[in-house]
Amino acid sequence: MAGLEELSREELIALVERLLESNAKLTERVKQLERQVSRNSANSSMPPSTDDLPGRATPAAKPAKRADRKRGKQKGAPGSAMSWAVPDTTVPHRPSGNCGCGADLAFAEDLGVERSHQVHDLPEVRLTVWQHDVHRVRCACGTEHLGSLPDEVPDSPLSYGPNLRSLVVYLLVYQHVPVQRCVQLIADLTGGKGPSGGFVHGMLTRCARAVNEVVAVIRSLITMAHVAGFDETTLRVGPAGSRRRYVLSASTETATVYHLGGRDLDSFADAGILPGFAGIAVHDRYSNYFHSRWENLAGHQACVAHLLRDFADAAETYPDEHWPKQAQRALRGLIKAWHQAREKRLAEIDPRVSGPLITEFDNAVKVGISRVPRVPGPPSSTAQRPGRELLEFCRDRQGDVLRFSGDTRVWPTNNISERNLRPTKTQQKISGRLTSEDITQDRLNIRSYIDTARKQGVNVMTALRQAITGNPWQPALPPPI
């Protein structure tokens, strides 16, 4: 560097100190950038769809499955193979032609069916036109009477029936088919002309209006549940540049409800569950769930799947440390024990099983706390080292981390809620930005109705047909205490 030889000793020392300071800042910046690109679905809450983005680190390969777990259907899982059924149509196949003796086999004695083969298929789809003629009659006394239409028949001269209307809603909301493709699909299936785009789009509002009261019942059922999972995800709604919107979900094993709002406390309250919910809330540790505003909450269960991913990130950040893998091993052991206890219908995991695992987890957290010191400074503006806030949460809220070990009614993970929200992201990928918040909430209300019906073993098309005809399906009420 030109001119260095003219600098005094003090000036050279000052220059070196500035270079060292600048180098330290650049080194820290590089670490931050490397950490950002290392985040993926295996060590953070990022969805798997982001793993293949340019520059993103690929998640480590998952360990091979247990040797005792075979491919295909697992023990206890429901089967889906075809079964022998009562036939709708029987087609006989008799031998034809002549016997070697010259006799015509058409006149041969029938000795019975040798074997049968069943073919399961769909009938050819075609529109059936039902004409409803309303008759006027005159009694012998001279009084005239007019017939009436069934409730499911609109008063307009031309209309579509409940089966086609149910199919439209099913395709739009449950299978995420765009409006114009829905029109084309129905036209192709029926070999004719499909309904208009306006009719298809208008069915969302009509169906949502029909299920509104049922959605209110579903919301009440979740509020009364012993345990419910809560989650949220972003959704592009409204004109470009408008504020970000979120879909908030509340789920149990038999019910689901969705609400479009923000990620603020007022939106959480408007969703209608947390203000009155007195059970255990399973969630991803978002601070709003711990707010004192939800004064009726009986407790929390932090999603252990999120914790495992965070400990995986800590293991990558501190490759020479043993505590992250130790914490993961203990949590996975507790989850496995929870499933085994649940299958045996036990109220809690056997303490002889859970005790050593809880101790192992507690020791891992203590070691981690000692190895990852806190950065001094105001909590709101001081960034902590990776893993420090995770360790403090596990230390300070161990009851909210391990609650499931003492009550098998509480799920260790919030996978139910996450699975329920995935179709929302599918809809966004297909449709892009949804233009109307009101229509989006209509979609979410119909989805609440459909998902709850499906969880309770009701055929989706049957439930939609009931709603379309003005007699919506109602969820089963919990047994009296």
If we only count heavy atoms from C-beta on, is the R206 to V169 side-chain gap below 4.5 Å?
no
Would you find more than 12 non-hydrogen atoms of other residues, nucleotides or ligands less than 6.0 Å from R181 atom CZ?
no
Between NE2 of H201 and CD of Q180, what distance do you get to the nearest 0.5 Å?
10.5 Å
Grab the two heavy atoms, one from P412 and one from Q301, that are nearest each other, plus how far apart they are.
O-NE2, 4.1 Å
Please lay out, stage by stage, how N420 and S249 fare under the test side-chain hydrogen bond (donor to acceptor under 3.5 Å, both in side chains).
CA-CA 8 Å; N420 290 338; S249 74; over 6 Å; no
Donor-acceptor pair, side chain of K325 and main chain of F311, under 3.5 angstrom:
no
Could you check whether any side-chain N or O of R245 sits under 3.5 Å from a backbone N or O of L235, counting only pairs where one atom can act as donor and the other as acceptor?
no
Quick one: do D266 and R293 make a salt bridge, cutoff under 4.0 Å?
yes
Under 3.5 Å donor-acceptor, Q428 side chain and R236 backbone
yes
Pairwise side-chain contact, P475 with T254, heavy-atom cut-off 4.5 Å (strictly under):
no
Backbone of T256 reached by a side-chain donor or acceptor of T452 within 3.5 Å:
yes
Would you confirm whether the ring centroid of F230 sits within less than 6.0 angstrom of the ring centroid of F268?
no
Report yes or no: does T469 contribute a side-chain atom to a donor-acceptor pair with the main-chain N or O of R465 at less than 3.5 Å?
yes
Short side-chain donor-acceptor distance under 3.5 Å, Q184 and D188
yes
Donor-acceptor pair, distance only, cut-off 3.5 Å: does the side chain of S436 make one with the backbone of I439?
yes
Sub-4.5 Å side-chain heavy-atom contact between L308 and I335:
yes
For E213, does the CD atom sit with more than 12 other heavy atoms under 6.0 Å from it, leaving out its own atoms?
no
Could you check whether any side-chain heavy atom of T440 comes within less than 4.5 Å of a side-chain heavy atom of Y258, counting everything from C-beta outward?
no
Residue pair G279 / L297: nearest heavy atoms and the distance that separates them:
O-CD2, 3.7 Å
Close side-chain approach of D284 to E232, heavy-atom, < 4.5 Å
yes
Tell me if a side-chain donor or acceptor on S267 pairs with a main-chain N or O of R263 at a distance below 3.5 Å.
no
Does A210 offer a backbone N or O that forms a donor-acceptor pair with the side chain of Y449 under 3.5 Å?
no
Is the number of heavy atoms from other residues, nucleotides or ligands within 6.0 Å of CG (D133) greater than 12?
yes
Is N296 reaching over with its side chain to a backbone N or O of P275, donor-acceptor style, under 3.5 angstrom?
yes
Taking all non-hydrogen atoms of both residues into account, name the closest pair between T234 and Y246 and its distance.
CG2-CE2, 3.4 Å
Flag side-chain contact, heavy atom, 4.5 Å: S354 against E348
no
Within-4.5 Å side-chain heavy-atom neighbours: R219 and I273
yes
F393 side chain near E389 side chain, heavy-atom distance below 4.5 Å:
no
Within the 6.0 Å centroid threshold, strictly below: F290 and H283
yes
Between the side chain of S448 and the main-chain N/O of V215, is any donor-acceptor distance below 3.5 Å?
no
If the test is side-chain contact (heavy atoms from CB on, under 4.5 Å), which one of V460, L171, I468 qualifies with S166?
I468
With a 6.0 Å cut-off (strictly less than), is the heavy-atom count around CD of E437, excluding the residue itself, greater than 12?
yes
